[in-house]
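Structure, as structure tokens:
In this chain, residues are counted from 1 in sequence order. Please read these numbers as outputs of a predicted model, since none were measured by experiment. Basis for what follows: all heavy atoms, side chains included, without hydrogens, waters or symmetry-related copies.
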Amino acid sequence: MTTTTLVSEEVREALREGRPVVALESTIIAHGLPRPRNLAVAVELEESVRSRGAVPATVAVLDGVARVGLDPAGLARIAEDPSVRKLGHRDLAPALATGASGATTVSATARLADAAGIRVFATGGLGGVHREWRETQDESADLRLLAEVGITVVCAGVKSILDVPATLQRLETLGVTVAGYGTATFPGFYLSSSGEPVDWTLRSPAEVAAVIRAREALGRPWSALVVANPVPEAEQLDPALHDRVLARGLDELREKGITGQAVTPFLLEYLTTHTDGASLEANLAAVRGNVRLAAEIAGAYAAGER
């Protein structure tokens, strides 16, 4: 770690003492939720980690310093400051060098949390290979970064607006282990299932922790372990509504000629608007479930459970 990274005292002490720590990304706070609800959710997620005996480590960059673990003022700033940028791992060095402030995506959070020695990270959904990849060559930086860090990522799969089969193939090529949590199919973020099978199913936090220890015993090179945790069926977006709205959104995307980095925010906003906010609620249900599970996994890992 360099002097441009500050690990909070609480997180540093927990890591030194071998207590459970869970990394949390900040992009959902700054860019994924409306104000002022975003700050309330950020506080809620940290409290969810604490209530399960773990220490939350929300990650962000403030004034050119990478922060692993935010105090209340830092959390509020990420939630309330409209100038906060969105930072992937490729953006970290420029942000640190220029004194910028930004919320960290999956790739940047995983990079900083792994360097700090944190073993478990909770997020909503991963980025992935975009639809019509053959024409656009567009895929998320999350995938390549996950091939380079040893962290365990608890997520609800990848966003259903992406090409799920191609994303799973890419993760396999990159050597990233993917396991369903209590499911034999890969979750679909808003939906409990994408319909795509997974090779491994893990059924308890202790079983996930055992896999983490087995990976460490094998030694480097490491890559991430993706624990794909489905949103409960009762809290998922209605599948018929999802399919109908997404199909219309894709048609409008093509009609407007929207391409590249503008695709994902357009489709996410389209889903939120045309499901009357139901997609946002499914997103939050997934994030809450992932945070709970991540805290339990971190606890099992720290306790050496089998």
Side-chain angles (χ1 to χ4, degrees), residues 22 24-25 28 32-33 41 44-45 48 52 106 120-131 140 142-143 146 152-172 176-205 207-208 211 224-250 264 267-268 270-297:
V22 175
L24 302 171
E25 57 136 311
I28 187 174
L33 296 170
V41 169
E44 175 196 341
L45 296 179
S48 179
R52 288 163 178 80
V106 168
V120 183
F121 164 32
T123 186
L126 300 181
V129 176
H130 287 238
R131 294 169 186 255
S140 170
D142 294 353
L143 303 184
L146 292 178
T152 293
V153 184
V154 182
C155 65
V158 300
K159 295 179 178 66
S160 52
I161 61 175
L162 302 172
D163 188 329
V164 178
T167 300
L168 287 170
Q169 180 60 57
R170 183 71 173 134
L171 287 168
E172 178 183 347
V176 176
T177 303
V178 177
Y181 188 78
T183 179
T185 60
F186 194 64
F189 189 60
Y190 300 117
L191 307 178
S192 297
S193 174
S194 68
E196 297 296 320
V198 291
D199 292 327
W200 295 98
T201 301
L202 303 175
R203 303 190 180 278
S204 70
E207 194 167 24
V208 177
V211 173
L225 167 63
V226 173
V227 178
N229 181 38
V231 63
E233 288 189 10
E235 297 181 276
Q236 71 174 342
L237 182 60
D238 176 70
L241 174 64
H242 169 273
D243 293 350
R244 185 168 63 252
V245 172
L246 180 57
R248 290 204 304 263
L250 291 169
T264 294
L267 286 176
L268 292 179
Y270 191 93
L271 278 167
T272 299
T273 300
H274 291 84
T275 63
D276 295 324
S279 65
L280 180 60
E281 297 308 315
N283 180 353
L284 284 174
V287 172
R288 290 183 177 112
N290 295 339
V291 168
R292 290 193 297 267
L293 177 57
E296 292 165 1
I297 292 169

**OP:** Given side-chain contact (heavy atoms from CB on, under 4.5 Å), test Leu280 with Thr275 step by step and report yes or no.
**Re:** CA-CA 9 Å; Leu280 180 60; Thr275 63; over 6 Å; no
Side chains of residues 282-294: which donor-acceptor partners sit under 3.5 Å, not counting sequence neighbours?
from   : atom 1 : to     : atom 2 : distance (Å)
Arg288 : NE     : Glu44  : OE2    : 2.6
Arg288 : NH2    : Glu44  : OE1    : 3.4
Asn290 : OD1    : Asn229 : ND2    : 3.1
Asn290 : ND2    : Thr123 : O      : 2.8
Asn290 : ND2    : Gly124 : O      : 3.3
Asn290 : ND2    : Ala286 : O      : 3.2

What are the two closest heavy atoms between [X] and [Y], and how far apart are they?
| X | Y | value |
| --- | --- | --- |
| Arg52 | Ala295 | CB-CB, 3.8 Å |
| Gly127 | Thr167 | O-CG2, 4.4 Å |
| Ala278 | Leu237 | CB-CD1, 3.6 Å |
| Ala224 | Val176 | O-CG1, 3.4 Å |
| Leu191 | Pro239 | CD2-CA, 4.0 Å |

**OP:** For the residue pair Tyr270 and Ser279, establish whether any side-chain heavy-atom pair is separated by less than 4.5 Å.
**Re:** no
Rounded to the nearest 0.5 Å, what's the gap from [atom1] on [X] to [atom2] on [Y]? Could you check?
| X | Y | atom1 | atom2 | value |
| --- | --- | --- | --- | --- |
| Leu267 | Leu271 | CG | CG | 6.5 Å |
| Thr183 | Leu202 | OG1 | CG | 11.5 Å |
| Ile161 | Tyr190 | CD1 | OH | 6.5 Å |
| Leu143 | Leu126 | CG | CG | 7.5 Å |

Original post:
Considering residues at least two apart in sequence or located in another chain, which fulfil the side-chain hydrogen bond (donor to acceptor under 3.5 Å, both in side chains) criterion with Thr177?
Top reply: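 Once residues adjacent in sequence are excluded, Thr177 has no partner under the side-chain hydrogen bond (donor to acceptor under 3.5 Å, both in side chains) criterion.
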Set of side-chain contact (heavy atoms from CB on, under 4.5 Å) partners for [X], sequence neighbours left out:
| X | value |
| --- | --- |
| Pro197 | none |
| Arg203 | Thr201, Glu207 |
| Ser194 | Val164, Phe186, Glu196 |
| Asp238 | Ala240, Leu241 |

Original post:
Asp163 and Val158: side-chain contact (heavy atoms from CB on, under 4.5 Å), yes or no, with the steps?
Top reply: CA-CA 9 Å; Asp163 188 329; Val158 300; over 6 Å; no
Original post:
Are Val226 and Cys155 close enough, and set up right, to give a side-chain contact (heavy atoms from CB on, under 4.5 Å), and what steps lead you there?
Top reply: CA-CA 7 Å; Val226 173; Cys155 65; 3.7 Å; yes
Subject >> Side chain Thr152, main chain Val120, donor-acceptor under 3.5 Å >> reply: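 Such a contact is absent between Thr152 side chain and Val120 backbone.
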Original post:
Are the side chain of Glu25 and the backbone N or O of Ile28 linked by a donor-acceptor pair below 3.5 Å?
Top reply: yes
